[in-house]
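I have placed the structure first, in the form of structure tokens, so that the comments after it can refer back to it.
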Amino acid sequence: MESGMISVDKWSSGSQAYFLTHLHADHTAGLSAAWRRGPLFCSRLTAKLFPCKFPEFDLSLLRVLDIGCWDTLSLTSPSSGSPATVYVKAIDARHCPGSVMFLFRGEFGCMLYTGDFRWEKSVDGTNMGSTMLLDALEDHKLDSLCLDNTYCNPKYSFPSREVAARQVVDIITAHPDHDIIIGIDSLGKEDLLLYISSVLNIKIWVWPERLQIMHLLGFVDNFTTKTTLTRVRAVPRYSFGIDTLESLNTFKPTIGILPSGLPWAMKYVTGNKRLFCSPSASLNNKTNFRPEISNCSKIQDSTGASADDKRYYKHIHVVPYSDHSCFVEIQEFIELLRPINIKGIVSSSSSYIDPRYYFGHLCGTKQASWRVHQKLENEKGVDMIGEGVDKVEGAPVKLETPPMSGMKRRLDHVDFFGIRVSRVSLLRRLSRGARISDHEELV
DNA sequence: GCGATCAGAT
DNA sequence: CACATCTGATCGC
């Protein structure tokens, strides 16, 4: 395969232009201060935050894309050497500050790379983004949608971040004499913290580097690094464990709140209906988003919680505050765009489901072609799409994980209708890059 | 010794 | 099931 033109969240050599959706570490793996491979396109806010993450980075390499504005790239076709123009527009992805999707138009057709995104219905930013996307498409078909399929399964159902934020506030107000620690990452969940701060009229402690981020984001009054000013502290999520909580509780009653995507806590849902069954379980009655699991007051029963689980939930409250779209939101997004093809950008070793399993019927004009294509490929014994893709004609099914040996051979690139998708590691969630080549056929 | 990658953890 | 991140081990140069 010759070199391509464009890479998104992927930093190996061979492209003429590089795009960064947002500054989370799993999307910047491979970027460093020594980066010299070409112009790096990102949103204005990402560019502003960039030096926090890469202090020595040569900022003259950054190219800011303003949200909603077309930009034109004059590139060279790797195969023919002739000029090739690519148009790109950034759309707010509503995942974390600075996060964007990229809509590309070029010889390869029209392609949207979502990066990580949350598409909550009836939220202003989402509605604006929808309008922008439809306007940008005009009457073009979206040939290819590279989709954040993190929760691309109907079992993933969680409330809006607004509702989840109220749950967090309810938990805090139900513990008036406790210290509160909230696990967050280096970027994201700012709206949650601002909501807590404004509703409860308190400052929130953050660690010094995080305060710097808050200031860059324009939040100057709600956060502090002085522990004496507040009982609510936001701490790095990785520092957030049972041992920490237990040890804190020897000094002062303290609870932890983990605003998190659902899967990590899923084991407490399936089978024993134990999700969010923490000390304040009764709080969830008003705001719980799934009635069948709201009745979880039997934390002491004998349905199988381990001793560690009990230790954990004695102090730690998991709240379903997610910066990724839930299944229904993904569905609505696809219904809005009606792409011809969909490709998931997130894969993991044990549970990759091709988005077309659930959404193939929503795809545009080529909806039938996939199955024909699959049938042909299956007969040839070639799996074009990768591990976990169905081999059954007709209604797709989730496949068992193929043997490791087979997976490892496909780590590098997977051809998918003209888009080269990088699989850096299937054991972890590092494979989120895509490269577009101009000389490949796009169905 | 350094950066990239991997493994395991929360 | 699996987020985003850290630490520490290992690999290749």
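All chains are named by letter (A, B, ...) in the order of the sequence lines, taking the proteins before the strands, and each is independently numbered beginning at 1.
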Provide, to the nearest angstrom, the distance between the CG atom belonging to A:Asp9 and the C1' atom belonging to C:dA4. 14 Å

What's the NE2-P distance between A:His27 and C:dT5, to the nearest Å? 9 Å

Heavy atoms under 4.0 Å, any strand shown: does A:Ser186 hit a base, just sugar-phosphate, or nothing? sugar-phosphate

Give the rounded distance in Å between these two atoms: OH of A:Tyr238 and C1' of B:dA7. 19 Å

What is the distance from CG of A:Asp185 to C1' of C:dA2, rounded to the nearest Å? 13 Å

Near-ring test A:Phe327/A:Phe158, centroid separation under 6.0 angstrom: no

If you take the centroid of each ring, where Trp contributes its six-membered ring, are A:Trp35 and A:Tyr18 closer together than 6.0 Å? yes

In whole angstrom, give the distance that lies between atom CH2 of A:Trp35 and atom C1' of B:dG3. 15 Å

Whole angstroms only, please: what is the CG-P distance between A:Leu23 and C:dT5? 9 Å

With the side chain defined as heavy atoms from C-beta on, A:Ser32 is closest, among C:dC1, C:dA4, B:dA4, to B:dA4

Scanning both residues in full, the closest heavy-atom pair of A:Tyr321 with A:Leu192 reads OH-N, 3.4 Å

As a test of reading the structure: which of C:dC6, C:dA4, C:dC1 is closest to the side chain of A:Tyr156, going by heavy atoms? C:dC1

Nucleotide B:dT10, atom C1' - distance to CG of A:Asp26 in whole Å: 16 Å

With sequence neighbours left out, what residues match A:Arg37 under salt bridge (Lys or Arg N to Asp or Glu O under 4.0 Å)? none

Measure from CG on A:Asp243 to P on C:dT7 and round the result to the nearest Å. 17 Å

Checking contacts here: which listed nucleotide (C:dA4, C:dT5, B:dA4) is nearest the side-chain heavy atoms of A:Asp116? C:dA4

Please check the phosphate of C:dA4 (OP1 and OP2 only) for any side-chain N or O of A:His324 closer than 4.0 Å. yes

